[in-house]
**Q** 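Pasting a structure below so you can have a look.
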Amino acid sequence: MRRAALSLARFSSLLGHQAGSGSLPAVQAVACALLPSASQGFATNSHDIFNMHVNSPENNPSTQFDFTEANYEKVAELLSKYPTNYKQSAVIPMLDLAQQQNGGYLSLSAMNRVAKILDMAEIRVYEVATFYTMFNRSKMGKYHVMVCGTTPCMLQGAKGIYKALKDHLGIDYGQTTADGMFTLGEMECMGACVNAPMIAIADYTKGVEGFSYTYYEDLTPEDTLGIIETIKKGGKPKPGSQHRKKAEPAGAVANGKWVASKPGADGITLTGEPRGPYCRNLDEPEPAPINPAAAGAAPPPPPPTPAAGTAAAKADAPGASKPAAAADPSKAPEKPAPKK
């Protein structure tokens, strides 16, 4: 019951927001009667709340979609990677291609086009598109801003990032700003936990060729809003960590602020110059082996002479008999020729 109420309240809010006519009071009233705090307890890592299609002016059975000529070349390249009897294996990368061309979401017609190219039942394509949260099935903003909501980011301040974005943009998860610029979403682990908290921003403004998916890490709420404002002005924010070069132990975000690490009592930090020995630069060709004679080095000394009276010295003495070489067991002795 709780889950149903949460979904109902959230879905009604999204429908009202996307329709531009406010919320749906009757539906929200039912949800709030079931659970008064429903509208505050919902979060999703998907842009779409229910796995169902809702017709809209830009996404209905009458809207048209087809790949461009340039993207049909990419379609052919994708298909060439699979045996002809297994071409349905290309469904995920082909849906991704369609989403990039279509401004960040998969319309019903886009999914149907992929099904036709791959000789798949349309429902099979819908199953894939509704399973993976990387696919959006309703109209998106030009930039999809996704906040990481997994444990390391939550512990390091992801809630503060979410609140800053929500207040600044005036939207919640799954919603798009009135100017169509930004869509806000939540995403599960982005795989850069050492630089938590972080966001990822998908840029759909330049089509397939210019599509980008950029990580911004080690974020404070102030950093996050600075990134949004830079994008608004047409700039390009600094990707990756906002406070370190990569992932070295230079500090961490604590209580919404970047706190730099301090040297220990001995003045040594893990970010200082490491002590040797050092490996050569592996990006450079391996140096040729050094020839001691060519380098002017003295030749190696001769082996030591055996001491007098030793068995080795007697064996090396002039006229000393040498032991017979051992017979090779693999060679049979020659037999004498028979007498005639």
Side-chain angles (χ1 to χ4, degrees), residues 7 10-21 44-79 87-146 171-187 200-213:
S7 300
R10 183 65 173 164
F11 184 58
S12 65
S13 176
L14 286 179
L15 283 179
H17 185 276
Q18 294 172 357
S21 59
T44 176
N45 64 338
S46 174
H47 175 67
D48 303 286
I49 305 307
F50 292 136
N51 288 337
M52 57 182 290
H53 172 73
V54 178
N55 283 336
S56 63
E58 69 281 343
N59 186 8
N60 59 72
S62 300
T63 56
Q64 299 296 314
F65 174 88
D66 200 358
F67 288 107
T68 64
E69 185 176 346
N71 287 340
Y72 262 118
E73 294 180 5
K74 297 182 183 296
V75 167
E77 182 181 354
L78 288 173
L79 292 175
K87 63 181 180 179
Q88 296 178 358
S89 300
V91 61
I92 291 179
M94 198 170 294
L95 284 173
D96 188 37
L97 182 66
Q99 178 166 280
Q100 292 175 27
Q101 177 182 313
N102 201 46
Y105 76 103
L106 291 172
S107 64
L108 192 65
S109 300
M111 291 185 283
N112 292 345
R113 175 64 60 180
V114 170
K116 185 175 182 180
I117 293 173
L118 298 179
D119 293 329
M120 295 176 65
E122 293 173 351
I123 185 60
R124 296 298 185 189
V125 177
Y126 304 160
E127 289 170 349
V128 174
T130 56
F131 181 82
Y132 292 101
T133 57
M134 64 182 280
F135 296 125
N136 309 303
R137 291 174 297 101
S138 50
K139 189 174 176 60
M140 302 290 291
K142 297 177 181 178
Y143 299 91
H144 189 187
V145 182
M146 293 160 279
I171 55 175
D172 207 333
Y173 284 148
Q175 296 179 346
T176 301
T177 55
D179 60 1
M181 190 80 166
F182 298 99
T183 295
L184 185 60
E186 181 183 6
M187 180 179 172
I201 299 182
D203 180 357
Y204 295 108
T205 60
K206 302 178 183 67
V208 175
E209 295 298 334
F211 173 74
S212 65
Y213 190 90

**Q** Under the criterion ring-ring contact (aromatic ring centres under 6.0 Å, His included), I'd like the reasoning laid out for Phe211 against Tyr204: C-alpha separation, chi angles, the key distance, then a yes or no.
**A** CA-CA 6 Å; Phe211 173 74; Tyr204 295 108; 5.3 Å; yes
**Q** One thing to verify: whether Glu77 and Lys74 come together as a salt bridge, which I'm taking to mean a side-chain N less than 4.0 angstrom from a carboxylate O.
**A**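 Looking at Lys74 and Glu77, the cut-off is not met.
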**Q** Quick one about Asp66 and Tyr72 (side-chain donor to acceptor, distance below 3.5 Å, no hydrogens or angles considered), yes or no?
**A**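 Tyr72 vs Asp66: donor-acceptor pair found between side chains.
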**Q** If we only count heavy atoms from C-beta on, is the Tyr105 to Glu58 side-chain gap below 4.5 Å?
**A**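 A side-chain contact exists here, since the closest heavy-atom pair is under 4.5 Å.
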**Q** Within the 4.5 Å heavy-atom criterion, are Thr68 and Gln101 side-chain neighbours or not?
**A**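 The answer is yes; the side chains approach within 4.5 Å.
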**Q** Do Thr63 and Asn60 meet the criterion of a side-chain donor-acceptor pair at a distance under 3.5 Å?
**A**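 No pair is found: no donor N or O on one side chain lies under 3.5 Å from an acceptor on the other.
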**Q** Find out whether Phe135 and Ile92 are in side-chain contact, i.e. whether some heavy atom of one side chain is under 4.5 Å from a heavy atom of the other.
**A**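 A side-chain contact exists here, since the closest heavy-atom pair is under 4.5 Å.
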**Q** Would you say Asn102's side chain and Gly104's backbone share a donor-acceptor pair under 3.5 angstrom?
**A**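 Not at all, since once roles are kept as given, no pair shorter than 3.5 Å links the two residues.
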**Q** Picking from Val128, Val114, Asn71, what satisfies side chain to side chain contact (heavy atoms under 4.5 Å, CB included) with Met94?
**A**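 When side chain to side chain contact (heavy atoms under 4.5 Å, CB included) is applied between Met94 and each of Val128, Val114, Asn71, only Val114 qualifies.
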**Q** Decide yes or no for Asn59 and Ser138: does some side-chain heavy atom of the first lie under 4.5 Å from some side-chain heavy atom of the second?
**A**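 In short, these two side chains do not touch, never coming nearer than 4.5 Å.
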**Q** Within the distance-only criterion (no hydrogens, no angle test), does the side chain of Glu209 pair as donor or acceptor with the backbone N or O of Gly207 below 3.5 angstrom?
**A**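 Judged by distance alone, no pair lies under 3.5 Å.
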**Q** Dump the intermediate steps for salt bridge (charged side-chain N to carboxylate O under 4.0 Å, His left out) on Glu122 and Arg113, then the final yes or no.
**A** CA-CA 9 Å; Glu122 293 173 351; Arg113 175 64 60 180; over 6 Å; no
**Q** Less than 4.5 Å apart, side chain to side chain, heavy atoms only: is that true for Ile117 and Val75?
**A**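 Counting from C-beta outward, Ile117 and Val75 do come under 4.5 Å.
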**Q** Can you check whether Gln175 reaches Leu184 side chain to side chain, under 4.5 Å on heavy atoms?
**A**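 The answer is no; the side chains never approach within 4.5 Å.
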**Q** Would you say Asp96 and Tyr132 are linked by a side-chain donor-acceptor pair, where the criterion is simply a distance under 3.5 Å?
**A**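 Looking only at side-chain atoms, Asp96 and Tyr132 do not form any donor-acceptor pair under 3.5 Å.
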